[in-house]
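See below for the structure under consideration.
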Number of protein chains: 2
Amino acid sequence: MTNPAPDNTRDRLLMQAELLFAQKGFAAVSVREITAAADSNLAAINYHFGNKMNLYLSVFKERWVPRAYGVRKFFKGTLSEKSNPDTSDMVRAFATAFLEGAMTEDERRCHINLMLRELTHPTEAVNIVVSEVIRPMHHDIRELIRPSLPETVNLEQLTLSIFSIISMILYFEFARPVVSLVMNQEFDLQFKSRVIDHIVSFTMDGINGINGIKDIRGLTKEETV
Amino acid sequence: MTNPAPDNTRDRLLMQAELLFAQKGFAAVSVREITAAADSNLAAINYHFGNKMNLYLSVFKERWVPRAYGVRKFFKGTLSEKSNPDTSDMVRAFATAFLEGAMTEDERRCHINLMLRELTHPTEAVNIVVSEVIRPMHHDIRELIRPSLPETVNLEQLTLSIFSIISMILYFEFARPVVSLVMNQEFDLQFKSRVIDHIVSFTMDGINGINGIKDIRGLTKEETV
DNA sequence: TTGACATTCAAACGATCGTTTAATACAAAC
DNA sequence: GTTTGTATTAAACGATCGTTTGAATGTCAA
């Protein structure tokens with residue numbers, strides 16, 4: 001998209017600010033660092049956005065939210081290609097939209113880091129994140145999955161499951177270095193694809209599904225103890 | 001434990017520094033803020049720890065790691081009470097050690113926030129976190145669960161499953177405000193207990209287990225579509 | 001009482017922070 | 001050509017940052 005430096009100062013500031021805020025967090029980035037990266041004058045942030053905090057909020061309004069819409073659109077687009085998507089198709093489409101499609105690698109790191117910072121460390125921007133993206137996304141997925149579950153399904157448990165799917169997606173993105181360290185495994189495209197497979201099978205069948213073997217549950221314990 | 005203010009300056013600094021670093025992050029906390037909270041002189045940090053970064057590392061070495069050992073001990077203790085623990089007992093013991101036992105609420109928030117900051121934003125301390133805690137904990141759980149799975153189990157998939165369990169535990173702690181917002185549900189003790197139940201059943205059976213109904217898998221889809 | 005050592009203290013250091021100011025450049029409108 | 005308004009610039013503002021200093025404590029051993 002707007003990968004090459006935009007020709008106007010305001011957009012260049014937004015772009016570089018997003019990169020730096022995602023990398024280091026609000027407090028650890030100085031306006032001098034941002035304006036230098038954006039090849040603009042030190043006073044440019046205060047001229048275009050009033051102050052540093054307002055620039056941070058504008059990053060969410062003008063860059064983060066639109067990209068989140070893109071992820072949602074990609075998710076729905078993938079699903080609409082399938083004729084009769086089941087639950088595992090939905091989970092796969094959701095994980096893929098976040099971890100593979102819809103964004104470049106840099107955008108993804110940006111996007112998820114910014115989101116995580118607001119989750120762990122909420123500022124004013126958390127209201128934007130929740131009301132514009134997280135809540136609608138939950139609604140989407142819940143209403144997609146619900147028909148394929150028993151009518152007696154506990155709505156709270158379903159919502160917690162959606163949070164669990166999101167937790168895995170976020171974790172395997174932001175904790176990449178640690179996952180790589182512990183598993184002694186480079187986080188390349190092949191591995192990422194296996195991670196998505198894992199998220200889908202773990203979501204569908206839990207730890208009993210990790211071997212691709214179904215209906216073995218209940219047997220294993222007595223056999224091996 | 002050391003909840004009331006320790007009588008020596010060094011420990012008071014460590015305690016207040018941990019609280020503040022967990023709340024705001026390294027860059028957002030000033031040494032003046034820490035020394036004021038610890039009722040000590042501005043120069044105390046540099047006298048006792050050399051500099052601010054070394055204080056941060058000492059927090060991990062002298063407070064975070066010991067508490068992590070406590071969590072691990074609690075986990076093993078809970079398991080040893082059971083005569084023949086199965087996989088779900090292990091997952092429950094693990095989630096409980098993190099989310100209910102072994103720590104006060106304040107300590108838990110501290111502990112998980114500090115860990116998360118190192119996962120998202122590694123400093124020197126990430127080496128301590130991984131080598132002293134995350135890797136040994138993975139080893140513990142993997143070797144506990146492995147015997148109750150088929151011999152043909154894929155070790156990579158098992159490790160990814162353990163990461164997934166950890167991701168849920170972390171998420172339901174650090175994203176509490178967002179979970180509460182989206183579900184319109186106060187994060188009280190009853191709810192937390194249901195969250196632990198969810199983590200266990202989701203880990204055991206995935207989304208098909210969320211209703212507490214087992215062995216319905218494979219039926220639901222055809223019936224409702 | 002004296003000396004040695006560990007700790008605390010007020011004060012100041014230079015550096016960097018976010019923000020403001022006033023002058024300047026440049027375009028389109030009249 | 002003058003005016004008007006927007007955008008950019010260099011320079012400086014006061015505040016706060018992490019760190020250092022040297023004097024003032026308190027505490028034991030000799």
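Everything numeric here is computed off the predicted structure, so don't read it as measured data.
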Practice item. Kindly point out which of dT19(C), dA10(C), dG18(D) is positioned nearest to the side chain of K52(A)? Key: dT19(C)

**Study point:** Nucleotide dA22(C), atom C1' - distance to OH of Y47(A) in whole Å
**Key:** 15 Å

Review point. Is NZ or CZ of K192(B) both nearer than 6.0 Å to the six-membered ring centre of F187(B) and within 45° of the ring axis?
Key: no

Point to revise | Length of the line joining L42(A):CG and dT16(C):P, which is rounded to integer Å | key: 14 Å

Review point. Mapping G50(B) and S40(A) onto DNA chain D by nearest heavy atom, which one lands closer to the 5' end?
Key: S40(A)

Exercise for review: Indicate whether OP1 or OP2 belonging to dT8(D) is found under 4.0 Å from a side-chain N or O atom of T9(A).
Suggested key: yes

Check your understanding: When the distance from CG of L13(B) to P of dG18(D) is rounded to whole Å, what number comes out?
Key -> 14 Å

Check your understanding: Side chain of A43(B): nearest nucleotide among dA10(C), dT19(D), dT19(C)?
Key -> dA10(C)

Review point. Is the shortest side-chain N/O distance from S30(B) to OP1 or OP2 of dC17(D) below 4.0 Å?
Key: yes

Check your understanding: Can you tell me how far P of dA7(D) sits from CG of N41(A), to the nearest Å?
Key -> 14 Å

Check your understanding: Do any side-chain nitrogens or oxygens of H48(A) fall under 4.0 Å of OP1 or OP2 in dT8(D)?
Key -> yes

**Study point:** Atom-to-atom span, CG of D11(B) to C1' of dT8(C) - whole angstrom
**Key:** 16 Å

Exercise for review: For I45(B) and dC17(D), give me the distance from atom CD1 to atom P, rounded to whole Å.
Suggested key: 12 Å

Practice item. Using only side-chain N and O atoms of N51(B), determine if any of them is under 4.0 Å from OP1 or OP2 of dG18(D). Key: no

